[in-house]
Amino acid sequence: QVLVVESGGGLVQPGGSLRLSCVVSESIFRFNDMGWYRQAPGKQRELVASISSGSTATYVDSVKGRFTISRENTKNTMWLQMRSLKPEDTAVYYCKMIGWGDWGQGTQVTVSS
């Protein structure tokens, strides 16, 4: 079983920044496309950013220019740098292999003054 562990969430004021981390338990990480997802209260989970095994990144329009996804295959780790945060970014953030794998526990991001 491949485990993913997210961390780095918290409470931040609008306009602030956070950096989320995702550690994957297996070295197969390096061969997989990865994604950051989020689920806000009462809404469906959505994919906000993805990164291919070769580090090509894509973003949903609502976070373009504010979020940056990156990865380090030698550390089985992926990050999501979030800047200029807005209240509508409030959600539980999850990382997962694209197309397969189990969900982790997620990390809560709350943007509020």
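A chain of hydrophobic side-chain contacts below 4.5 Å, direct or via other Ile, Leu, Val, Met, Phe, Trp or Tyr residues, connects L47 to V92. In this structure, I28 is not a member of the same hydrophobic cluster as I98, with clusters built from ILVMFWY side-chain heavy atoms closer than 4.5 Å. The hydrophobic clustering, which links ILVMFWY residues whose side-chain heavy atoms are closer than 4.5 Å, places I51 and W100 together. Cluster annotation: M97 is connected to M78 through the hydrophobic network of ILVMFWY side chains, with a link wherever side-chain heavy atoms come within less than 4.5 Å.
In this structure, M34 and V24 approach most closely via the heavy-atom pair CE-CG2, 3.9 Å. Looking at every heavy atom in both residues, R66 comes nearest to L85 through NH1-CA, 3.8 Å.
Rounding to the nearest 0.5 Å places CD of E26 at 8.0 Å from CG of N76. Atom CG in L11 sits 9.5 Å away from atom CD in Q108 (nearest 0.5 Å). With values rounded to the nearest 0.5 angstrom, I69 atom CD1 is found 11.0 Å from T56 atom OG1.
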Please assess V111 against E88 for the test side-chain contact (heavy atoms from CB on, under 4.5 Å), listing each intermediate value before the final yes or no.
-> CA-CA 8 Å; V111 185; E88 52 263 44; over 6 Å; no
Would you sort out whether W79 and E72 count as a side-chain contact (heavy atoms from CB on, under 4.5 Å), showing the intermediate values?
-> CA-CA 9 Å; W79 297 274; E72 175 51 66; 3.5 Å; yes
Assess whether side-chain contact (heavy atoms from CB on, under 4.5 Å) is satisfied between D89 and R38, documenting all intermediate values.
-> CA-CA 9 Å; D89 295 317; R38 69 185 179 188; 3.0 Å; yes
Please assess S53 against F31 for the test side-chain contact (heavy atoms from CB on, under 4.5 Å), listing each intermediate value before the final yes or no.
-> CA-CA 5 Å; S53 57; F31 302 115; 5.6 Å; no
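The pair K64-D61 counts as a salt bridge, with a side-chain nitrogen and a carboxylate oxygen less than 4.0 angstrom apart.
Side-chain N or O atoms of E6 include one that pairs as donor or acceptor with a backbone N or O of C95 at under 3.5 Å. Although no hydrogens or angles enter the test, the distance criterion places no donor-acceptor pair under 3.5 Å between the side chain of R71 and the main chain of D33.
Of the listed residues (Y37, W103, W36), just one forms a ring-ring contact (aromatic ring centres under 6.0 Å, His included) with Y94, and that residue is W103.
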Name every donor-acceptor pair, under 3.5 Å, that has one atom in a side chain of residues 12-22 and the other anywhere in the protein, sequence neighbours excluded.
none

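By the 30° and 60° cut-offs, the orientation of the rings of Y93 relative to F67 is tilted.
Annotation: ring-ring contact (aromatic ring centres under 6.0 Å, His included) contacts of Y59 (sequence neighbours excluded): none.
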